Each structure stands twice: as structure tokens, then as C-alpha cells.
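Taking it in order: structure first as C-alpha cells, then the write-up.
Here is the naming used below: chain letters follow the sequence lines, and residue numbers restart at 1 for every chain. Note that the structure is a prediction, hence the values are computed from the model and not measured.
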Amino acid sequence: VTEHGPAGVAELNETIAGLYREYRLSLLRLASFLVDDRALGEELVQDAFAALCQRWTSLAAQSAAPAYLRSTVVNGARSARRRQGVVRRHLRAAEPAATPAADFAVLLAEEHREVVTALRHLPRRQREVLVLRYWANLDEAEIAETLGVSRGTVKSTVSRALDALETTLKDTR
Amino acid sequence: MSTDTERRLRAALQASAELITDPPGAAEYHPAAAAPPGRGRPPARRRRRLRWVAPPLAAAAVAVIALGASVIVHAVNTGHGPPVSHRSSPPSPAPSSAAPRGPQPLTGPGVAAAGVFADGAGYARTPHALLWTSDLGASWRDITPPGLTPAQFQAAGLAVRPGGQAWIAVPPRTGGSSVAVLRRSPAAGTWTSADIPLAGQDIPSDAAVVLTSVSFADATHGWLLVTRQVTHTGFSELLRTTDGGATWTAQAAQPALPAAAAVYFLTPTLGYLDANTAMGSRGWWVTRDAGHSWTKLRLPAPAAWKSDSLAIIGAPALAGGVIVVAASFSTPVQGQADGAAIYRSTDLGDTWTVRQLPRESPAEQYDFAASPDGSSYVLLREHPAGDSGPYTWVTSRSTDGGQTFTDTTSVHDFYPGPLTVAGLGVIWTVAGSDACPAPKASCQATTGLIASADGGATWHQLSLPS
């Protein structure tokens with residue numbers, strides 16, 4: 001932001017504000033699906049927008065901003081989930097009563113809760129590709145760009161993830 | 001083949017998304033310069049972990065913005081003294097270096113924090129007890145203060161010094177306005193309690209989570225940080241004692257003090273605040289006047305790294321009279337640490353020398369510790385194969401003040417946590433396991449105290465009394 005003059009700053013703020021209004025909620029949902037924690041998801045989204053402000057001038061084009069935000073949220077979620085997992089598990093072991101309760105899954109209908117629970121038990125990357133494919137509605141190329149992997153990897157990971165999900169859901173019946 | 005699964009998945013995700021809604025005004029954008037706390041923060045990397053700021057606690061319904069809460073569990077101020085001798089017979093069998101049957105849980109009571117000192121003494125904090133050892137964990141003694149409920153004990157800040165001096169700061173009950181500080185006399189083996197009145201921030205107590213952190217630079221000079229957190233806002237105040245905790249005086253409060261999670265004093269005047277919290281603050285802060293005034297800690301980025309990607313690993317340490325700080329570097333897009341450096345200052349932070357460690361593949365977890373005598377620096381990294389292990393630990397150890405590091409690799413069913421180093425290869429870490437025996441079985445969360453006596457070549461779990 002410091003690279004802009006006063007007029008540039010105002011314009012940038014307006015642009016970012018527009019992106020924030022348009023993408024905040026979908027990014028929050030994406031983050032929440034990946035970390036199972038709305039409050040943490042809020043942080044990830046805030047951090048993504050703060051990073052966008054800092055990196056604005058290095059974006060190839062303004063149209064790249066949504067993809068940048070999505071990548072930042074997914075990567076942030078990956079790190080946060082690891083960190084969250086470590087801390088939560090330590091907390092759960094040390095302080096059973098302190099386990100976080102901000103879990104949207106408890107309010108879901110049974111049939112949906114089964115799916116969300118099964119999704120959460122998938123390995124990290126399988127879960128990421130399924131959320132990006134079936135909630136964010138990204139195609140293979142977009143998922144590959146978001147995760148920094150090849151399209152082939154996306155394709156095979158989606159396939160394996162669906163198989164694993166299907167197996168788990170059959171077993172729960 | 002997957003059509004039905006795909007349909008169910010889409011429906012479940014859509015139903016979930018509808019439960020995640022925005023409160024009024026949430027979509028308003030606040031430019032970073034004018035942002036309220038917790039909004040539009042600068043993109044400083046979160047510290048990768050440990051000094052343990054816990055994730056948000058409550059929020060029973062998803063339509064309500066969750067209260068963030070933090071629990072601080074930290075090991076403080078390892079002491080000076082002669083190096084400890086190598087122990088050749090571990091108290092319990094070494095864990096397997098391979099995981100043929102998938103991750104296995106750690107055994108024994110959970111461990112929240114631990115520390116080892118140069119004379120072979122150490123402590124471990126479990127959910128219900130504070131344990132003390134004088135023989136590197138071969139045997140333990142219960143030194144838990146009487147009269148605390150489990151909830152009070154678990155929420156309290158803790159500081160332990162060599163010899164068994166200890167302080168426990170119990171946050172006030174709902175509506176309360178004082179912190180109970182218990183201090184242990186190692187000679188008598190008894191605890192004394194004092195109520196420390198707080199300044200009384202204008203915050204509804206029933207809406208706040210109160211965090212306490214205690215740090216002692218020596219046997220008499222100590223600091224108590226009390227932070228009240230309300231959603232994404234925090235209000236901290238700092239108190240100081242110069243008589244070992246018998247009396248405390250207010251030292252600083254906002255706006256001079258950022259909302260912080262933990263305090264670390266290395267000398268009677270030099271201290272650091274960890275402000276990497278969900279309360280809107282970021283970064284580390286430093287004082288050189290015993291806590292009266294604080295400035296943001298700024299370290300020079302090594303060549304080719306962006307200064308805004310710097311994140312301190314662990315906490316600053318005093319090692320052989322040198323201030324030592326380890327930091328990781330990352331790129332915002334990749335979101336993974338991909339480099340580390342060791343900073344040293346021989347003039348208490350006026351100037352720094354930096355030595356960059358070789359670039360490596362991204363690691364998920366980091367912690368760093370240096371022995372108080374300066375004989376050993378240890379950077380412990382973890383590379384997971386999956387979300388539940390096995391985990392490859394890379395222990396990088398320097399015995400020449402950070403000039404050169406030797407890497408040792410080992411494979412475990414669990415991931416490392418907070419690290420303390422006592423010199424001559426003695427390393428303790430609080431490790432965790434998230435063993436999931438089957439894809440849809442409940443994951444078993446366990447923690448344990450893992451020790452090495454040979455600089456990280458081999459590790460074994462220390463047995464603690466239940």
C-alpha cells in the first residue's frame with residue numbers, strides 16, 4: 001500500500017472492499033470446511049485479505065485476486081489445521097472440558113452429518129480437492145493451480161477421495 | 001459409481017455452508033491502517049506454534065461469532081548450572097522408529113508442559129498434577145499445590161526454576177478482579193498464596209477469558225501478564241515483583257502494552273512479549289527497562305528473504321550470555337515455512353548477527369531451544385507423511401554457537417511439541433499423537449514427554465505417575 005499515492009490508496013481500498021464484500025463469505029465457508037472451526041476460518045480470511053493488500057502490486061492482474069485469495073486461504077488452512085490439531089489434541093488430553101464446541105456439523109441433519117464426518121476423516125489433500133471440487137465448484141485446472149499440483153494429481157486424488165468417502169459411507173449404513 | 005456419493009457430498013456441503021452465515025456488518029471492509037483489532041491485520045506469519053496459544057474455545061452455535069480463547073501453557077526460564085551427564089539407560093523403552101501398524105497412542109497421563117534443567121532436574125505438568133524429577137525423569141514427585149480445582153489448575157500460568165522454585169497464577173473466577181499467585185518454596189516444599197488485585201479494565205468479566213503468564217528472570221525478579229480476551233480484542237496488564245512473588249506492582253498496561261499471550265524475561269530488565277494471538281496483535285515486543293516500555297521486536301531479514309515473512313520459532317533464549325532467536329521464513333502464497341535462521345546478539349539485542357540455515361523442503365512443525373550455558377542449540381522440525389503420521393523428525397543441533405548444525409533424522413508415531421534443552425545432548429519435548437486406528441474410528445488424542453540423551457539420535461518416552 002505504501003507504494004501508492006493517496007488517490008491510489010483510496011482506489012485500492014475501494015477495490016479490496018469490493019472483493020471483500022464479494023468473496024468474504026465464500027472464503028469463510030471454504031476455510032471453515034477445511035479447519036472445522038469458524039473462528040479460525042475468520043482469521044484465515046482476514047489474513048488472506050491482509051496478504052492481498054501487501055501483494056497487490058505483484059499480482060499479474062486484478063482478475064487474479066480471487067485465485068490468490070483462495071490459494072492463501074487453502075494454504076493457510078493447511079498450516080492452521082496442523083497447528084490446530086496439535087494444540088487441540090494437547091488441550092483435549094490435558095483439559096478435556098476445553099475442547100472447542102464451534103462445530104457447525106452438530107446442527108446438520110443426520111444424513112449430511114455422516115458425509116461431513118466422513119469427509120473430515122479423509123487425508124488432508126483428499127479433503128481439499130473434494131471441498132474445492134464439490135463446494136467451490138472448481139475444475140481440475142483451477143484446483144491444480146490452487147493446490148500447486150498437477151491436473152493429473154487432482155484427477156487421481158479426487159477419484160481416490162470419492163472411493164474412500166463412498167466406502168466409509170457404506171460402512172456407516 | 002460415485003454419482004450418489006457426489007450428490008450426497010454436494011448436498012452436505014451446501015447444507016453446511018448455509019449454517020455458516022455472516023453477522024450484520026461482517027462484510028464491511030476496514031482498510032488495514034484504520035482497522036479495528038482483529039481486522040485487516042498485517043500479514044505477519046503466525047508463529048508456527050508453541051508457547052501454546054490455544055485455538056478459540058467457546059461458541060456453541062454457529063450463527064454466533066465464536067469467542068476466541070487462548071490457553072497458555074509454557075515452559076519458562078531454564079537455569080544455569082553444570083551440564084548434565086549422559087544417561088545411557090532410558091526409563092522406558094524407546095519408541096519404534098517405524099510404524100508398521102499405523103500410529104500408536106502415547107501412554108500415561110497427558111502432558112501439557114515440561115522442562116529440564118542442567119542439573120538433571122525437571123518438571124512435567126499433567127492435567128491434574130505438577131511433577132518434579134531430580135534424575136532426568138527416572139522418578140517423579142508430586143508437588144501440586146493443594147486447594148486448586150482441576151479447572152483452576154489447568155487454566156493457570158506456570159513458571160518453574162531450577163531447584164524447584166515455582167509460581168502458579170490462577171485467573172480470577174467470573175466476576176473476580178484478582179489473580180491468585182501461588183509460590184513454592186523448594187526448601188520447605190510448601191506453597192504460599194497471595195491475591196493480586198488487577199487494575200480493573202472496563203470489561204464485562206463474564207464475557208472475557210482471562211489468561212495469565214508468569215516469567216521469572218531469576219529467583220526474585222518476576223512478571224505476571226494478565227490478559228482479558230473478548231472475542232478478537234484483548235486487554236493486557238503487566239505486574240512485577242522484586243521479592244520472589246510476595247508483592248507485585250503494576251508495571252504497564254495498554255496502550256503501552258499490546259494484547260499479548262505470554263511474557264518471557266531473560267534478565268531483570270530484558271523481556272519479550274509474544275503477541276501472536278487471535279486478539280488482533282501480531283509479532284513480538286521487547287522491553288529493556290523491566291517492562292515499563294515496549295517496542296516491536298524487529299530482526300533484519302537475511303538476504304533473499306522477505307522481512308514480513310519472518311516468524312520467531314519458540315521464544316528468545318539467553319544462552320551463555322547471548323540472546324538467541326530462531327526464525328522461520330515463508331512465502332505467503334505457499335503458506336509453508338521453507339527456511340530458518342539463527343539470530344545472536346551479544347549486546348542484549350542492540351545488534352544481531354544472523355546465520356541462515358540451509359534451505360529445505362517445507363516442514364510442518366518447528367521448535368527451537370538453546371541450553372542456558374550456550375553449549376547446545378537445537379532446532380526440531382517435523383515432516384509428516386500424512387495427517388496422522390508417521391512423522392519424520394529432523395533434529396538440527398549445534399554445539400558451536402550456531403555456526404554449524406548437524407542433522408539427525410528419526411521416525412515416530414507422534415509429533416514433537418515444546419522443546420527444552422539442558423546441554424550435552426539432553427532434550428525434552430512434549431509430543432502428541434493423533435492415532436486413528438481406522439478411517440472412521442475416533443482419533444485418540446494423547447500426549448507424552450519424550451526425551452533424548454544423545455542430541456536427538458534416539459528418543460524415549462518418560463514414564464509419569466498417573
Side-chain angles (χ1 to χ4, degrees), chain A residues 13 16-17 20-21 24-25 28-29 32-33 37-40 43 46-47 49-51 53-55 71-72 75-76 78-79 82-95 97-98 100-102 104 107-109 112 115-116 118 121 123-124 130 134-135 162 165-166 168-169 171-172, chain B residues 2 5-6 8-13 15-17 19-20 22 26-27 29 31-32 38-43 48-49 52 54-60 62 65-66 68 71 73 110 112 126-127 151 154 278 308 332-336 364-365 386-387 415 417 430 432 434 436 439-440 445-447:
Chain A
N13 280 337
I16 299 286
Y20 194 79
R21 280 191 296 271
R24 185 198 118 80
L25 184 57
L28 171 62
R29 288 168 169 168
S32 299
F33 289 154
D37 185 321
R38 179 191 169 124
L40 184 55
E43 278 197 46
Q46 290 166 19
D47 283 357
F49 275 94
C53 289
Q54 292 286 325
R55 304 291 167 185
S71 288
T72 306
N75 286 315
R78 190 177 297 170
S79 296
R82 285 288 311 147
R83 186 173 54 248
Q84 172 200 46
V86 171
V87 176
R88 273 191 178 171
R89 284 159 190 144
H90 277 83
L91 274 181
R92 205 182 305 152
E95 305 172 32
F104 55 80
L107 299 181
L108 285 171
H112 296 324
V115 177
V116 169
H121 283 123
R124 178 189 66 206
L130 290 189
Y134 294 99
W135 184 76
L162 285 173
L165 197 66
E166 188 171 322
T168 302
L169 291 174
D171 288 348
T172 59
Chain B
S2 294
T5 303
E6 290 174 297
R8 290 188 66 187
L9 178 58
R10 281 188 198 279
L13 289 170
S16 299
L19 291 172
I20 302 171
D22 260 342
Y29 173 71
R39 303 269 179 196
R41 293 184 297 273
R48 292 200 67 78
R49 47 166 302 175
W52 300 90
L57 294 181
V62 288
I65 293 180
V71 173
V73 183
T126 73
Q154 290 160 12
D308 63 359
V333 174
Q334 291 179 340
Q336 299 279 340
E364 292 280 2
Q365 304 293 345
D387 278 347
Y415 40 81
V430 177
D434 53 358
C436 300
K440 61 189 176 74
T446 52
T447 56

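For the residue pair A:R29 and B:I20, the shortest heavy atom distance occurs at NE-O, 2.9 Å. Shortest non-hydrogen contact noted between B:T5 and A:L165 is CG2-CD2, 3.8 Å. Smallest separation of non-hydrogen atoms from B:A12 and A:H112: CA-ND1, 3.5 Å. Here the closest non-hydrogen pair linking B:A17 and A:F33 is N-CZ, 3.6 Å.
Rounded to the nearest 0.5 Å, atoms CG (B:L13) and OH (A:Y134) are 10.5 Å apart.
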